[in-house]
Structure formats: C-alpha cells, structure tokens
Amino acid sequence: MIDYSVAKAIQEETRKKAVFNQDFVSNPKLVAALDVSYKKSKALSAVAVYNLERGEIVEAKATLIDVKAPYVPGYFFLREINPLVAVYGLVENKPDVVMINGHGYSHPRRAGIATYFGVLLSVPTIGVARKLLVGEEQCRNERDDTCIVIDKGEIIGMSVRSHIEKLYVSSGHGVSLETSISIVKSIIERHGGSLYPMKIADLITKRCWANEQGGKH
DNA sequence: GCGACAG
DNA sequence: ATCTTGTCGC
C-alpha cells in the first residue's frame with residue numbers, strides 16, 4: 001500500500017498558493033483545452049488552442065510520453081501532470097486561460113489537477129470534469145441548465161448541461177468560478193452544446209495513436 | 001466498518 | 001482512462 005501523505009501535503013501547499021476568487025486576465029481571447037488518453041504505460045496528450053472571438057481552433061499539438069504513476073482518485077495529478085506539462089510546452093500561441101480535463105477547487109483538499117497545473121506553471125486554469133469527485137448538486141429547478149455544487153457548506157463549483165453533455169466546472173487558479181462558467185457557457189452555446197476545443201483535444205488523443213511515430217503533430 | 005472514488 | 005458485442009433509440 002502506498003502512502004499518500006506527501007502528495008497530500010503538496011496539495012495543501014498548492015491550495016494555499018492558488019487564487020480562486022480573482023481573474024488574472026480580464027478579457028481572455030485565447031483559451032487552450034488539454035486532454036490525455038492512455039495505452040499501456042504510454043500517455044498521449046493533446047492541446048487545442050481556441051480563439052474565443054473567432055470561435056475557431058488556431059493551433060493543435062500532441063505528444064507521447066511514458067507514465068508510471070497509477071490513477072488514484074484524489075491524486076490524479078501524480079499520473080497526469082507530466083503529460084499535461086509536456087504538451088503545454090509545445091504551444092506556440094500561449095493562451096490566456098487553460099481548460100484542464102479534471103477538477104480544480106472542487107476537490108477534497110481544494111486542489112485538483114487544474115489547480116496544481118495552474119500554480120505549477122503560473123497560468124490561469126479552469127477545471128472541467130464529467131463526474132463529481134466530492135460535493136452534491138443543488139439545482140433551483142428541473143429546467144435550469146446551471147446548478148451549484150456544494151461541499152461542506154460552501155460552493156465549490158457549478159454544473160453546466162447542454163443537450164449533448166453535462167460538465168462540472170470549478171476554478172483552477174487565477175480564474176474565478178463566475179468567469180469560468182462564463183467562458184464555458186459561451187463556448188458551448190456557440191458550438192451546439194459542445195465544449196468544442198475540449199472535444200477536439202479529446203479526439204486528437206484518441207485518433208493520433210494510429211499514426212504516432214514519437215509524438216509531435 | 002462500508003461505500004464512493006476526476007482520468 | 002481502457003477493454004469491447006450487440007443493442008436500444010431517434
């Protein structure tokens with residue numbers, strides 16, 4: 001059995017350094033979406049840089065690296081931080097905000113992978129997950145497509161649903177929950193209910209295995 | 001003690 | 001996340 005006390009201490013330090021209630025950027029124009037897929041001990045990570053004004057992908061990159069750490073709920077960063085940092089380093093058009101596939105503040109210690117990535121690289125991040133790790137939804141009514149997520153008496157994130165998918169959004173670092181929701185909703189409303197750049201990053205990670213020859217794309 | 005548990 | 005056939009619904 002592995003001892004996660006060190007990883008836990010890292011997350012607690014990360015939470016102290018993180019900023020959840022301020023926006024480092026006032027008018028973001030470039031938003032990057034990062035995602036990772038796995039095959040045996042290899043991780044294929046991808047990034048799609050999206051122009052909010054034009055509603056288009058302006059850059060895409062992918063890379064393949066080895067991973068050793070197993071996936072453990074609550075300690076996702078141990079497994080996925082390296083693939084994420086590796087592919088982010090390939091980006092030429094540095095984004096104003098980075099969307100990470102996973103939780104940010106909505107985490108047992110308020111420091112999910114999105115928060116860890118943001119503090120580590122000192123970039124604004126948003127956490128976007130498909131399942132809750134902690135907390136429970138509180139919807140005002142059945143019609144509302146945006147609900148708050150409560151844990152231990154505080155709002156830790158929000159759910160946003162379209163007719164295509166349901167996402168759990170939380171602040172990562174340097175992007176408030178309100179701004180995070182605003183960005184996510186503006187994208188899905190523009191692309192038929194799909195978080196377009198994240199979908200593209202996801203497709204890249206799953207379709208580049210066939211013609212992978214070392215990673216770069 | 002038991003169940004739940006981001007990707 | 002990944003491994004995977006047939007099957008249900010529009």
Side-chain angles (χ1 to χ4, degrees), chain A residues 1-2 4 7-8 10-12 14-15 18 20 32-48 62-88 98-120 125-137 147-152 155-173 175 177 180-181 184 192-193 195 197-210 212:
Chain A
M1 197 55 183
I2 306 175
Y4 287 96
K8 187 176 294 187
I10 290 173
Q11 291 176 328
E12 284 162 358
T14 297
R15 186 207 58 215
F20 302 108
L34 274 63
D35 193 24
V36 183
S37 74
Y38 299 89
K39 213 166 189 177
K40 298 295 181 64
S41 64
K42 299 285 188 180
L44 178 45
S45 48
V47 55
T63 192
L64 184 73
I65 68 172
D66 289 302
V67 288
K68 311 185 74 174
Y71 163 66
V72 178
Y75 302 99
F76 190 34
F77 80 102
L78 293 174
R79 178 171 173 80
E80 195 145 290
I81 190 61
N82 286 345
L84 290 177
V85 170
V87 80
Y88 185 72
V98 177
M99 295 192 300
I100 304 286
N101 206 318
H103 292 285
Y105 189 77
S106 48
H107 176 276
R109 287 164 293 283
R110 308 301 185 242
I113 182 90
T115 300
Y116 186 73
F117 181 96
V119 170
L120 182 68
T125 57
I126 298 172
V128 180
R130 293 186 155 66
K131 296 176 184 175
L132 280 180
L133 180 56
V134 293
E136 59 181 30
E137 282 182 88
C147 310
I148 57 176
V149 176
I150 303 285
D151 183 52
K152 295 175 180 174
I155 296 177
I156 60 173
M158 295 186 82
S159 67
V160 179
R161 97 176 139 69
S162 67
H163 48 275
I164 291 183
E165 58 188 349
K166 183 173 188 176
L167 304 169
Y168 295 98
V169 179
S170 64
S171 167
H173 173 56
V175 185
L177 176 59
S180 299
I181 290 296
V184 168
L195 192 59
M198 190 59 88
K199 184 62 184 175
I200 295 300
D202 178 71
L203 286 176
I204 293 171
T205 66
K206 285 165 182 168
R207 295 179 56 182
C208 280
W209 287 104
E212 150 268 318

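Reminder, nothing fancy here: chain letters follow the sequence lines and each chain counts from 1. These numbers come from a predicted model, not from an experiment.
Put simply, A:Lys39 has no side-chain N or O that comes within less than 4.0 Å of OP1 or OP2 on C:dC3.
Nucleic acid contact for A:Tyr116: none, since no nucleic acid atom lies under 4.0 Å from a heavy atom of the residue. Counting any heavy atom pair closer than 4.0 Å across all strands shown, A:Ile113 reaches a base atom. Residue A:Gly74 is classed as a base contact, given a heavy-atom separation below 4.0 Å to a base. Nucleic acid contact class of A:Tyr71 (heavy atoms, under 4.0 Å, all strands): base. Among the atoms of the strands shown, none is found under 4.0 Å from any heavy atom of A:Lys42.
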Dot-bracket encoding of pairs in DNA chain C, which uses [ ] for pseudoknotted crossings and | for another strand, Watson-Crick or G-U under 3.5 angstrom: ..........
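Using a cutoff of 4.0 Å between basic side-chain nitrogens and carboxylate oxygens, A:Arg161 and A:Glu137 are not scored as salt-bridged. A salt bridge links A:Asp151 to A:Arg110: one of the charged nitrogens lies within less than 4.0 Å of a carboxylate oxygen.
The ring of A:Phe117 has its center closer than 6.0 angstrom to the ring center of A:Tyr88.
Contact footprint of chain A on DNA chain B: nucleotides with an atom under 4.0 Å from a non-hydrogen protein atom, first to last in 5' to 3' order, B:dC5 to B:dG7.
Between A:Val36 and the options A:Asp202, A:Asn101, A:Leu84, a side chain to side chain contact (heavy atoms under 4.5 Å, CB included) holds for only A:Leu84.
Environment of CD1 in A:Ile155: sparse, with no more than 12 heavy atoms of neighbouring residues, nucleotides or ligands closer than 6.0 Å.
No donor-acceptor pair closer than 3.5 Å links the side chain of A:Arg79 to the backbone N or O of A:Pro70. With hydrogens and angles ignored, the 3.5 Å screen pairs a side-chain donor or acceptor of A:Ser170 with a backbone N or O of A:Gly104. Checked by atom type and distance alone, the side chain of A:Gln11 pairs as donor or acceptor with a backbone atom of A:Gly74 at under 3.5 Å.
Following rounding to the nearest Å, A:Glu80 (CD) and C:dA1 (P) show an atom-to-atom distance of 10 Å.
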